[in-house]
Amino acid sequence: QVQLVESGGGLVQAGGSLRLSCAASGSISSINGLGWYRQAPGNQREFVASITRGGVTNYVDSVRGRFTISRDNAKNTVYLQMNSLKAEDTAVYYCRVLYTALWGQGTQVTVSS
């Protein structure tokens, strides 16, 4: 079974950028939906962005225009480019194979204001 490992989180000032990566242990070329979610302290985990095998993307309104999801099937990796970061983007970010119980372990993103 494919395993997912996120990386790229860290501490950044408001207005800055980070790029998260989600590396799969196996091929993702046959996986249709891949997504990023986040969970802030005291909040439920929420959807952030998704991408289909054909490259169709979807975003939560709060990040549209600032975040970009992409996938590189040759590298078995999904990315989340995050620009113009805000304090409210602070959370643990998880990648997921959509509509399954397959999640990564998460990576912390902290945005200082």
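Just so it is clear, the values below take in all heavy atoms, side chains as well, and ignore hydrogens, waters and symmetry mates. Residues: numbered from 1 along the sequence shown. In this text the structure is predicted, and so the values were computed from the model without any measurement.
- In this structure, the separation between OG1 on Thr57 and CZ on Arg64 is 8.5 Å, given to the nearest 0.5 Å.
- Summarising the geometry, atom OG belonging to Ser29 is positioned 11.5 Å from atom CG belonging to Asp72; distances are rounded to the nearest 0.5 Å.
- The side chain to side chain contact (heavy atoms under 4.5 Å, CB included) check on Gln39 picks up Arg45, Tyr94, with sequence neighbours excluded.
- Cys22 and Leu4 make their closest contact through SG-CB, 3.8 Å (heavy atoms, listed as atom of the first residue, atom of the second, distance).
- In this structure, Ala49 and Tyr59 approach most closely via the heavy-atom pair CB-CD2, 3.6 Å.
- Residue Leu18 holds its CG atom at 8.5 Å from OG1 of Thr107, rounded to the nearest 0.5 Å.
- Nearest heavy atoms, Phe67 versus Arg38: CE2-NH1, 4.1 Å.
- Checked by atom type and distance alone, the side chain of Arg53 pairs as donor or acceptor with a backbone atom of Ser30 at under 3.5 Å.
- With a 6.0 Å radius and a threshold of 12 heavy atoms from other residues, nucleotides or ligands, Gln3 has its CD atom at or below the threshold.
- With hydrogens and angles disregarded, no donor-acceptor distance shorter than 3.5 Å links the side chain of Asn32 to the backbone of Thr52.
- In this structure, Val109 and Gly9 approach most closely via the heavy-atom pair CG2-CA, 4.1 Å.
- Summarising the geometry of Lys75 relative to Thr77, their closest heavy-atom pair is O-OG1, 2.8 Å, with the distance given to 0.1 Å.
- Here Tyr37 pairs with Phe47, Trp103 under the ring-ring contact (aromatic ring centres under 6.0 Å, His included) rule; sequence neighbours left out.
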Original post:
Yes or no on side-chain contact (heavy atoms from CB on, under 4.5 Å) for Asp89 and Met82, after CA distance, side-chain angles and deciding distance?
Top reply: CA-CA 9 Å; Asp89 295 318; Met82 306 186 295; over 6 Å; no
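- Distance alone, capped at 3.5 Å, places no donor-acceptor pair between the Gln105 side chain and the Val5 backbone.
- For the atom pair CD (Gln13) and CG (Leu85), the distance works out to 11.5 Å, reported to the nearest 0.5 Å.
- Annotation: the span from Asn58 atom CG to Ile51 atom CD1 amounts to 11.0 Å, rounded to 0.5 Å.
- Follow the hydrophobic side-chain contacts under 4.5 Å out from Val97 and you never reach Tyr79; the two are in separate clusters.
- Listed here is the closest heavy atom pair of Leu34 and Ile31: CD2-CG2, 3.8 Å.
- Looking at Glu6, its side chain does come within 3.5 Å of a backbone N or O of Cys95 through a donor-acceptor pair.
- With rounding to the nearest 0.5 angstrom, the CG atom of Leu11 is 9.5 Å from the CD atom of Gln108.
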